[in-house]
Amino acid sequence: IRVVSTIACLFGWAALAPGQVAELHVSPEGNDQWSGQRATVNADATDGPLATITGARDAIRGLSSRGAGVAVNVHGGNYFVEEAIVFSSEDSGSAEAPVTYRAVPGEEVVIHGGRAITGWKPSGRYWVADIPDVKSGDWAFSQFWVNGERRTPARTPNGKNGAGDFPEGDELFYATGPVMEKQEG
């Protein structure tokens with residue numbers, strides 16, 4: 001599908017005269033294997049918008065011989081970016097054929113610099129999620145957001161460093177008997 005989409009994209013843009021602007025679309029409902037030339041998914045779900053800004057950047061890079069400018073329309077929604085989107089001079093286009101990225105007017109685009117944690121399940125009074133990459137030590141996080149508000153990840157014992165370090169011996173809580181709340185009196 002990627003080869004067909006890229007060829008279709010090349011033929012569509014080849015017809016544009018210098019100074020004209022081709023449009024690409026990015027949407028959370030998209031797929032980076034599609035052409036990006038459609039704002040919505042087609043009826044048979046074989047083409048539509050791209051899924052990521054990186055996908056749009058890469059599609060444009062694949063069209064090095066274009067004479068037209070490119071406007072990337074980023075549709076409303078939440079985009080989760082796990083690593084930096086890196087642009088270089090080749091991604092700027094030229095004065096005659098500029099490359100621009102813009103939110104679709106009237107739509108709210110939110111780019112999150114992190115990972116969505118899914119699979120939450122109730123466990124008593126709490127909600128828990130299994131994160132295999134954290135268990136294996138392949139990933140650590142220091143900030144946690146719920147519904148747009150920063151939260152402190154639960155952990156015991158708590159480390160001194162909010163960056164997710166492991167507690168030192170002097171940070172551990174030891175008790176030789178029962179622990180009770182202080183009684184007001």
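One distance of note links CD of E83 with OG1 of T54; it measures 7.5 Å at 0.5 Å rounding. Rounding to the nearest 0.5 Å gives a distance of 8.5 Å between OH of Y101 and CD1 of I85. Rounded to the nearest 0.5 Å, atoms CG (L50) and CZ (R38) are 13.0 Å apart. The CD atom of E82 sits 4.5 Å away from the CZ atom of R115 when rounded to the nearest 0.5 Å. In this structure, CG on D138 lies 5.5 Å from CG on D133, to the nearest 0.5 angstrom. With rounding to the nearest 0.5 Å, the separation of CD in E29 from CH2 in W34 is 9.5 Å.
Side-chain atoms of D47 do not come within 3.5 Å of backbone N or O of N42 as any donor-acceptor pair. When atom types are taken as modelled, the side chain of D58 and the backbone of G55 share no donor-acceptor pair closer than 3.5 angstrom. For the pair R57 (side chain) and T52 (backbone), a donor-acceptor distance under 3.5 Å is absent. Side-chain atoms of Y79 come within 3.5 Å of backbone atoms of V26 as a donor-acceptor pair (strictly under, hydrogens ignored).
At a threshold of 4.5 Å between side-chain heavy atoms, the hydrophobic network of Ile, Leu, Val, Met, Phe, Trp and Tyr places V99 and V109 in one connected group. Hydrophobic clustering keeps I131 apart from V128 (ILVMFWY residues linked when any side-chain heavy atoms are closer than 4.5 Å, directly or through intermediates).
The nearest pair of heavy atoms linking P28 to G76 is CD-O, 3.6 Å. Closest approach of P49 to V41, counting heavy atoms only: CD-N, 3.9 Å. Residue S35 comes nearest to L24 through the heavy atom pair O-CD2, 3.4 Å, listed as atom of the first residue, atom of the second, then distance.
Counting heavy atoms of neighbouring residues, nucleotides and ligands inside a 6.0 Å radius, atom CG of D44 exceeds 12 of them.
Ion pair E23/R102 flagged as a salt bridge, since at least one NZ, NE, NH1 or NH2 atom sits closer than 4.0 Å to an Asp/Glu carboxylate oxygen.
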